There are 2 protein chains.
Amino acid sequence: MSATEGQRGSSTLEPAHPHTHLAFAQSRALRPSTKVLPEHARNHNRSLVLQTLYRTGRQSRADIARETGLTRVTVSDLVNDLIAERLVIEMGQREDARPGKPATILDIDRSAFQIVGIDLSEHSLFRGAVLDLDGQILNEAEIALAGSTGDDAVAKVLALTEQLLAKTTAPVLGIGIGSPGVVNLDGVVLSAPNLGWHNLDLRAQVEARFGHAIIVANDANAAALAEHSFGGADGDLMIVKVGHGVGAGLLLGGSPLYGSRFAAGEIGHVVVGTDGGALCVCGKHGCLETWLSTPNLNLAIEVLRASGASEAEVDARTNLILIEAGQRLGIALAPIVGALNLPEVVLSGPTELLDGPLAQATIETLRNRTMAEFHGDLTLRMTTLGQNIVLRGAAVMVLSGQLGVS
Amino acid sequence: MSATEGQRGSSTLEPAHPHTHLAFAQSRALRPSTKVLPEHARNHNRSLVLQTLYRTGRQSRADIARETGLTRVTVSDLVNDLIAERLVIEMGQREDARPGKPATILDIDRSAFQIVGIDLSEHSLFRGAVLDLDGQILNEAEIALAGSTGDDAVAKVLALTEQLLAKTTAPVLGIGIGSPGVVNLDGVVLSAPNLGWHNLDLRAQVEARFGHAIIVANDANAAALAEHSFGGADGDLMIVKVGHGVGAGLLLGGSPLYGSRFAAGEIGHVVVGTDGGALCVCGKHGCLETWLSTPNLNLAIEVLRASGASEAEVDARTNLILIEAGQRLGIALAPIVGALNLPEVVLSGPTELLDGPLAQATIETLRNRTMAEFHGDLTLRMTTLGQNIVLRGAAVMVLSGQLGVS
DNA sequence: CGAGTTTGTTCGTAAGCTTTACTAACAAAC
DNA sequence: GTTTGTTAGTAAAGCTTACGAACAAACTCG
């Protein structure tokens, strides 16, 4: 019997029935699935320090200690590591006059690393950018898709990546790729019909070629992360991407929802309403995409324009088309928004189509079809990040994966 | 400069641009929000050991070490703590003949503690039970609600709790309560209209009276946990509770979804379909509850019986009513199931209504309205836990909150 | 100028997990 | 009956990590 054993035995014994509290109360830990070693804890705290610096910027070690609850000693130690890794720099002493030794201001060296972000979700081209650690775009590039699919499309991803890497002017933190379709956590594109990809290990292919840290995820999930980190949204939101197809990304408690088969957010082929609808390429009638995808909307509007009606007539009937589309979106979203108690829905896509009668009709329909108590919390708006939302989301994935920061 | 600093500085310096990998790659940690101390890590590992014992049962220290990845030494140390706390007991040596020193079999002492579970979700009574650590019901009790609301209803909760505590025959691990309505993480019932509760701190009231660890949560969330822990469902599921109202509980990745205002799963007042529907108490037309709640279904069937039609005719038209209800449920669930990529929907409620044409119509409607690729993964079934689902879910909450086990 | 305040570091300590090495206890094979 | 090899569990030592105490530096304020 060891001394340790004896001590513990007597110190942790519980009082007897019926009034027993266990000494420790596991806060809300559900199903711990892997062991935790001291180094994991250290990494966590390291990220915590980075995180506070990333969000607040320009703080002293003592500031960070107060905010994180760690001691100044521990923060100093972690910061020393971060400085040695060139991630954090000392910015000189704090200016403002107050008692005590002046603080040494720290900040993440936001120009020390760069991120390559790539967006594969557009119909006719792949877009990419070099971004700094703040998610600001430093350089852009694009490559026409020209109908490429399969390995040809992969080659274009690699070519674009190469172009972008050539434009970097600092060490590369990682490469983030937002791809359409169903992507698993290992960066394997399980299915992206438009690109002819099935079980394509895109992450491995890019890594084999360039050797950086690569993260591949669904484009809408990337967009949701961007909206959270850079668009001012909080941690619970749904982003609806309207384009050639319709897809969604869900962020719950700050984390993307992937779904049991990584197909969360694939709402384009959910049937909307109980009154039929147009035939969809998938074979069903009345899928959300038949109401809402940009090709379908633009087609309807062009038919209208070619009809020879007056301009006022065309405008009025265009509005009706957009309102109908918005209502259909609202009908589809209402059960989701209600079931998830979502406070925020964000639209991404062509502003001229979405940002007006369509969005208005969507929010009205949502309110008409969900619980009234809940309406005060419910907002629907266009993204503030425009076309770069997936690129910036790809950067968030890299930041989050490499630094634990976002 | 300390030796430590010098070592770290030189050992963690990164190679130069453009080919940089940071020494550590944060696996998938998102936004660390609090510091982690060694004791937290220890608690986590402690729960990990308990968890493997809870699920597998009857293992040796070496077995646990192999399964968790911890060393035998660490497992021994943790197990000694657990034995001192009376949570784990040695069961003697392993029987089967194999080389080497025979193993000492351990198990959680499943009779060492008991749990009180309470279900407030039924319309006319509160039900409760004493359960063991396996979630088996040892003793039951109930108390007629008799129309009580507000403080009267609270008094009945306390009375029922007292009855149950009197029936316990071992130290009480905690008290779990599944309440209808909107419940926040602190056990405050923000809103439960049927009970006349608004911002009622039920957890505090029960704790003040009995002083145990109390967990209060939404009934459907509790049911979802029960279905996962005891009903054989995996970590992603939606449970739909049909009763006086209609509510749902969502489990994503093994964790309940609470929603931004703790109202996740409140789908009873989502409008279904685009063709009107009956007027709901909430003022809207065609809410899910108007199609599916047991009072409404029973009323419709009774009207039918009183109509003087033949028995065959009544049966046939009853079937039509149930099929219609099932279709409406499917219409409401399709966007949710699609958006979340949910593999499993479980129904809880009166078997005679749900388990037949209704469930059949629901699954068919779901399949007709979601992506075909996804159908192979999609199952819909009745719960296997019957009426005790919320009670047992309440026990899971206590197990998970107190031991990190479920 | 002295008192008080704040910063950041150094030193020693406690906790937690690992590695290494050991003993105990067994089966199998000779 | 002995040897060999395996498995279980313990003991000791060491490393990592975070903490508290103490302190020097540098500033403000009265």
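Please read these numbers as outputs of a predicted model, since none were measured by experiment. In what follows, chains are A, B, ... by sequence order, proteins preceding strands, each numbered from 1.
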Tabulate protein N/O versus nucleotide N/O from nucleotides 5-9 of chain D, keeping only pairs under 3.5 Å, one per line.
from	atom 1	to	atom 2	distance (Å)
dT6(D)	O2	Gly100(B)	N	3.3
dT7(D)	O2	Lys101(B)	N	2.8
dA8(D)	OP1	Arg66(B)	NH2	3.3
dA8(D)	OP2	Arg66(B)	NH1	3.0
dA8(D)	O4'	Lys101(B)	O	3.4
dG9(D)	OP1	Thr104(B)	N	2.7
dG9(D)	OP1	Thr104(B)	O	3.4
dG9(D)	OP1	Thr104(B)	OG1	3.2
dG9(D)	OP2	Arg61(B)	N	3.2
dG9(D)	OP2	Ala62(B)	N	3.1
dG9(D)	N7	Arg72(B)	NE	2.9
dG9(D)	N7	Arg72(B)	NH2	3.2
dG9(D)	O6	Arg72(B)	NH2	3.0

TODO: Could you tell me the separation between the CG atom of Asn80(B) and the P atom of dG16(C), rounded to a whole number of Å?
DONE: 14 Å

TODO: Working to the nearest 0.5 Å, report the span between CE of Met397(B) and CZ of Arg392(B).
DONE: 14.0 Å

Open item on the list: Holding to side chain to side chain contact (heavy atoms under 4.5 Å, CB included), I want the full list of residues that pass it with Ala233(B), two or more places apart in sequence or in another chain.
Closed with: Glu227(B), Leu237(B), Glu344(B), Arg381(B)

Open item on the list: The criterion is side chain to side chain contact (heavy atoms under 4.5 Å, CB included); which residues satisfy it with Leu37(A), sequence neighbours excluded?
Closed with: Lys35(A), Glu39(A), His40(A)

TODO: With sequence neighbours left out, write down each residue that passes side chain to side chain contact (heavy atoms under 4.5 Å, CB included) with Gln59(B), or none if nothing qualifies.
DONE: Thr52(B), Leu53(B), Thr56(B), Asp63(B), Ile64(B), Glu67(B)

Task: Asp132(B): side chain to side chain contact (heavy atoms under 4.5 Å, CB included) partners, not counting sequence neighbours - done: Asp134(B), Gln136(B), Leu138(B)

Open item on the list: Could you tell me how far apart Arg42(A) (CZ) and dG16(C) (C1') are, to the nearest whole angstrom?
Closed with: 15 Å

TODO: List for me each residue that meets salt bridge (charged side-chain N to carboxylate O under 4.0 Å, His left out) alongside Asp234(B), sequence neighbours excluded, and say none if there are none.
DONE: none

- [ ] Just report the end-to-end axis angle for the helix from dC1(C)-dG30(D) to dC30(C)-dG1(D), five pairs per end, to 10 degrees.
- [x] 10°

Task: side chain to side chain donor-acceptor pair (under 3.5 Å) against Arg72(B), all qualifying residues, sequence neighbours excluded - done: none

- [ ] Check side chain to side chain donor-acceptor pair (under 3.5 Å) between Gln93(B) and all other residues, then give those that pass, not counting sequence neighbours.
- [x] none

- [ ] With sequence neighbours left out, write down each residue that passes salt bridge (charged side-chain N to carboxylate O under 4.0 Å, His left out) with Arg203(B), or none if nothing qualifies.
- [x] Glu207(B)

Enumerate the protein-to-nucleotides 19-21 of chain D contacts in which both atoms are nitrogen or oxygen and the separation is below 3.5 Å.
from	atom 1	to	atom 2	distance (Å)
dC19(D)	OP2	Thr71(A)	N	3.4
dC19(D)	OP2	Thr71(A)	OG1	3.1
dC19(D)	OP2	Thr74(A)	OG1	2.4

TODO: Could you pull out all residues at least two apart from Asp107(A) that satisfy salt bridge (charged side-chain N to carboxylate O under 4.0 Å, His left out)?
DONE: Arg110(A)

Open item on the list: Is the phosphate of dG16(C) approached by Asn45(B) (side-chain N or O, under 4.0 Å from OP1 or OP2)?
Closed with: no

